[in-house]
Amino acid sequence: MSRDEFIELRVADVIAETDDANSILFEVPQQHQPLFAFKAGQHLTLKAEIDGEEIRRNYSLCVAPHEGVWKVTVKRIEGGVFSNWVGDELKPGDSLEVMPPHGSFTAQFDAKAGARQYVAFAGGSGITPVMSLIRTALISEPESRFSLFYGNRDSNSIIFLDQLSDLKDRYMGRFELYHFLSGEAGEVDLFNGMLTRETCDMILDTFVQDPKAVEGYFICGPGPMMDAAETALLDKGVDKPRIHIERFTAGTPSAAASKRVAKLKEDASGTTLWVTLDGRARKVAFDGDNILDSAREAGLPAPFACKAGVCATCRAKVLEGEVEMGARYGLTDEEIEAGYILTCQSVPKGDGVKVDYDA
Ligand code: FES
């Protein structure tokens, strides 16, 4: 099967989680279940035709692998074509095109590892993959602890409010939950306001105590919150590989970066490259924009979703030659080191570059 192949799945239910967030529960037929096996924190790419236009979006699974269900949560975005279509139109019994799970916002949980500590900073719908990780960590590592610091506007906008408090009851002493609300004043001043850099520092000093001893940090939410949490951790001396970050959207590149990428594209026009996909290598002319579009233009079904350097669906490995990459949020430092690129963000430097989607 091609990595770009979407499988049509039936929607078993559409569940309103809050006024503006809906979960889609999928029915995965027995024969596709091995293909849809996933790791905690991974996401699905969904595809639908809305008003005559093909739209692809990634949404994180909010369930744990052992639960045997496939559920993603979609928060409405103002003017968002897909998220509002899900909220207004999608109903049980409909079908959606779904690409098998992928993504690297995950960790290797190990029942034999003893007592470990995990910490997550989540904001708004960033709770979705974190929910999957919390459920998985608590069940697969019976001695480990998980602390969640979760920022929202007000209590009505908290996705999974009840499920989180159920988890707190069920795993008393092992799961700690702290809500931070920016638009609703509670009794404890400490928990009023957003997860800013100052708040993250306070959290690490007060609730985590020994940040370097934590096995894994998971950060997912609005950009400024993620930057605040990440820099606070790095300044405490936490090793980078312990910090896992999942971005839903890309930031706007600086004018200087955009200018540089434009120049690279200009220089690369007229070059050709070799692209391997599903075991077949093809010579492809660079289309002047990026390697992904060049491959698709040449008829290769190269996989993609966000086209913004975030989801890593378009990941491939450079086997020969040099490539320049713009946004690289979707890759870890280890993957970049190993030669992986996001083809939607990459431009060949010179002729004869070889990239492999199967690697
Ligand atoms: S398609 Fe999402 S990173 Fe390239």
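A quick note: this is a predicted structure, and the numbers were derived from the prediction, not measured. Each ligand, and each atom within it, is numbered from 1 in the order the structure gives.
When each atom of ligand 1 is checked for a heavy atom of Cys314 under 4.0 Å away, the hits are 1 (S), 3 (S), 4 (Fe). Annotation for ligand 1: atoms under 4.0 Å from non-hydrogen atoms of Gly309 are 3 (S). Taking every non-hydrogen atom of Val310 and a distance limit under 4.0 Å, the qualifying atoms of ligand 1 come out as 3 (S). Atoms of ligand 1 found under 4.0 Å from any heavy atom of Cys311 (numbered from 1 in listed order, with element): 1 (S), 2 (Fe), 3 (S). Within ligand 1, counting atoms from 1 as listed, the ones closer than 4.0 Å to a heavy atom of Lys307 are 1 (S), 2 (Fe). The distance from ligand 1 to the heavy atoms of Cys344 drops below 4.0 Å at these ligand atoms: 1 (S), 3 (S), 4 (Fe).
Residue Ala312 holds the heavy atom nearest to atom 3 (S) of ligand 1 of all those in Ala312, Ala316, Ser346, Gly330.
In this structure, Arg242 contributes its side chain and Tyr217 its backbone to no donor-acceptor pair below 3.5 Å. Distance alone, capped at 3.5 Å, is enough to place a donor-acceptor pair between the Gln345 side chain and the Ala327 backbone. Checking side-chain atoms of Asp19 against main-chain N and O of Ser157 turns up no donor-acceptor pair under 3.5 Å.
Atom 4 (Fe) of ligand 1 has no N, O or S atom of Cys306 closer than 2.8 Å.
Outside the 6.0 Å centre-distance limit, the rings of Phe160 and Tyr150 are not counted as a close aromatic pair.
The cationic atom of Arg170 (NZ for Lys, CZ for Arg) does not lie both less than 6.0 Å from the six-membered ring centre of Phe175 and within 45° of the ring axis.
Using a 4.0 Å cut-off between heavy atoms, Ala305 contacts ligand 1 through its backbone alone, with no side-chain atom that close.
Of the options Thr343, Asp293, Asn290, a side chain to side chain donor-acceptor pair (under 3.5 Å) to Lys307 is made by Asp293 and by none of the others.
Taking OG1 of Thr45 as the reference point, atom CE of Met99 lies at 4.5 Å (rounded to 0.5 Å).
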